[in-house]
There are 2 protein chains.
Amino acid sequence: MAKPSQTELAVLAALSVRPMTGYAAREAIVTELGMFWSESFGQIYPALARLREAGLVEAVQAQGSRSAVHRLTPAGRERLVELLREPVVASPPRNGMLLRLFFGDVLGPAACAELVLDARRRAEETLARLADARRGAEAENHPQQPYWLMTVSAGEHAARATLAWADETLDALSRLGGPAAG
Amino acid sequence: MAKPSQTELAVLAALSVRPMTGYAAREAIVTELGMFWSESFGQIYPALARLREAGLVEAVQAQGSRSAVHRLTPAGRERLVELLREPVVASPPRNGMLLRLFFGDVLGPAACAELVLDARRRAEETLARLADARRGAEAENHPQQPYWLMTVSAGEHAARATLAWADETLDALSRLGGPAAG
DNA sequence: GCTCGTTCATGTCTGCCAGATATAGACCTC
DNA sequence: GAGGTCTATATCTGGCAGACATGAACGAGC
C-alpha cells in the first residue's frame with residue numbers, strides 16, 4: 001500500500017486483463033503496451049512478490065507445475081483504480097539522436113543524415129506495426145476498444161510527425177553539405 | 001575509457017561549449033538541452049570526478065574559490081567525438097498518460113479527458129518555449145546554429161502532433177461520454 | 001529411449017540514474 | 001547585521017534496465 005511504483009501499476013493493469021504468469025505479463029506488456037511502456041524481468045518478479053505479500057494478487061495452480069499464474073484479488077482491483085487515478089509520473093527525456101544532432105557540427109552533415117535516416121526508418125516500422133494494431137483493435141468488440149484506438153492514434157501522430165521532420169531535416173542537411181551535394 | 005556512460009557524454013558535450021562548474025553544466029543541460037535531455041546532480045558530480053581521474057577534463061581556478069571550473073582536455077575532446085559516434089542508446093518508453101488511457105474504461109471518459117487536456121496544455125507550453133528558442137537561435141551566427149534549429153524543429157513537430165492528437169481524442173471522448181455530453 | 005534445441009518461467013546481480021537531502025559560501029536587501 | 005536567495009558540491013536511497021544463471025517442459029530427430 002506504500003509508495004506507488006510504476007512497475008506495480010503496470011503489472012496490476014496487465015493482470016486485470018486476465019490472470020497470467022510473470023513471464024506472460026511481461027510478454028503482454030511488450031507486445032500490447034510496447035509502444036508506450038516497458039518492463040524488465042528484474043522488476044516484474046520482485047513486484048509480483050510484493051503484490052502477493054500485500055494481498056493484491058494471489059497465485060493459483062502453483063502446485064504441480066512450475067508456473068505460478070497470478071490473479072488480481074478484489075483489493076488488487078481497488079488498488080489498480082487508485083494507482084490509475086494518481087498523477088502521471090513524467091519520465092525525464094533522453095533522446096540520444098537529438099543530443100548528437102545538437103552537436104552535429106562535430107560529426108558533420110553526412111553522419112547526421114545517417115542518424116536522421118535511422119529515426120525515419122524506425123518511424124516507418126512503427127507505422128506499419130500500428131497499422132496492424134489498428135486492424136486488430138477495430139475487429140474487436142470490447143468496452144476498452146475505443147481507448148485502444150486512441151493510444152494507437154497517439155503513436156500514429158507521433159510517427160508521422162517524425163517522418164515529416166526527418167524529410168525536412170534531411171533536406172536542410174543536404175543543403176549544409178554544400179550545394180553540390182544537394 | 002571504459003563502458004560508455006550517457007551522463008559522461010552529456011557532460012563532455014556541455015563542457016565542449018565552454019568551461020563550467022558542475023552546477024553550471026547542469027543548468028546548461030536543463031535550459032539548452034532540456035527538451036530532449038536531462039541530468040541530475042547525483043550523476044554529474046561523480047561523472048566529473050571520473051572524467052577528471054581519466055584525464056578527460058581538468059579543474060582550473062579551484063584554489064581560493066569554492067567553485068571548481070572544469071575544462072575539456074584534448075583527450076576529452078577526442079573522447080567526446082568517439083562517444084558521439086557510438087550508436088544511439090534508445091531509452092525504454094514510459095508514458096503514464098497513454099498507459100492510463102489504454103485502461104480508460106476503468107477511469108471513465110471524463111477523467112481521460114482531463115489526462116488528454118493536461119497533455120495538450122504541456123504541448124502548448126512546449127511550443128511557446130520552442131518559439132523563444134527558435135528566435136534565440138536564429139539571432140545567432142554560430143557553426144552549430146543550423147543543427148540547433150533542427151532540434152528545435154523536432155520539438156515543434158512533436159508538440160504539434162500532440163495538439164492534433166489531443167483535439168481528435170477529446171472529440172472521441174466527448175462522443176463516448178454520451179451524445180448529450182457532445 | 002536419448003539427446004538436443006527451443007520455449008516457458010523464475011529469479012539474481014550489477015550498475016545507471018533521478019530525486020531528495022545536507023551543507024555552506026557569496027551576494028543582495030532591508 | 002539579519003535574513004533570503006543563488007551558486008556550488010556532494011551523498012544516499014531506491015527505482016529500474018539489462019545481462020546473466022538456472023531449470024522445467026516439450027517437440028524433433030536419431
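What's counted below: heavy atoms across the whole structure, side chains too, no hydrogens, waters or symmetry copies. Sequence lines set the chain letters: A, B, ... in the order given, protein chains first and strands last, and positions in each chain run from 1.
Rounded to a whole Å, the CG atom of B:L48 is 13 Å from the P atom of D:dA8. In this structure, the CG atom of A:L83 is 14 Å from the P atom of D:dG15, given to the nearest Å. Counting to the nearest Å, the P atom of C:dC8 and the CE atom of A:M20 are 14 Å from each other.
Looking at the side chain of B:T7, the nearest of the listed nucleotides C:dC17, D:dC16, D:dT9 is C:dC17. Between D:dA17, D:dC16, C:dC17, one nucleotide has an atom nearer to the side chain of A:Q6 than all others, and that is D:dC16.
The shortest distance between the side-chain N/O atoms of B:S5 and the OP1/OP2 oxygens of C:dC16 is not below 4.0 Å. Contact check, A:R94 against C:dC16: no side-chain N or O comes under 4.0 Å of OP1 or OP2.
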What donor-acceptor contacts under 3.5 angstrom involve side-chain atoms of residues 144-154 of chain B, with partners at least two apart or in another chain?
unit_1: B:Q145; atom_1: NE2; unit_2: B:A137; atom_2: O; d: 3.1
unit_1: B:Q145; atom_1: NE2; unit_2: B:E140; atom_2: O; d: 3.4
unit_1: B:T151; atom_1: OG1; unit_2: B:W148; atom_2: O; d: 2.7
unit_1: B:S153; atom_1: OG; unit_2: A:E168; atom_2: OE2; d: 2.6
unit_1: B:S153; atom_1: OG; unit_2: B:H157; atom_2: ND1; d: 3.4

Sequence neighbours left out, cut at 3.5 Å: what donor-acceptor pairs do the side chains of residues 104-116 of chain B make with other protein atoms?
none

Please output the side-chain donor-acceptor pairs of residues 50-57 of chain B that fall under 3.5 Å, not counting sequence neighbours, one pair per line with the distance.
unit_1: B:R50; atom_1: NE; unit_2: B:E8; atom_2: OE2; d: 2.7
unit_1: B:R50; atom_1: NH2; unit_2: B:E8; atom_2: OE2; d: 3.2
unit_1: B:R52; atom_1: NH1; unit_2: B:H70; atom_2: NE2; d: 2.8

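Here B:V89 sits alone; no ILVMFWY side chain lies under 4.5 Å from its own, so it joins no hydrophobic cluster.
Interatomic distance, CG of B:L48 versus CE of B:M20, reported as 10.0 Å (0.5 Å rounding).
Partners of A:Q43 according to the side chain to side chain contact (heavy atoms under 4.5 Å, CB included) rule, which considers only residues two or more places apart in sequence or in another chain, are A:T7, A:E39, A:S40.
Two residues, B:T21 and B:A90, neighbour DNA chain D, and the one matched to the more 5' nucleotide by heavy-atom proximity is B:T21.
Interface residues of residues 22-46 of chain B facing DNA chain C, ordered by number: B:S38, B:E39, B:S40, B:G42, B:Q43; criterion, heavy-atom separation under 4.0 Å.
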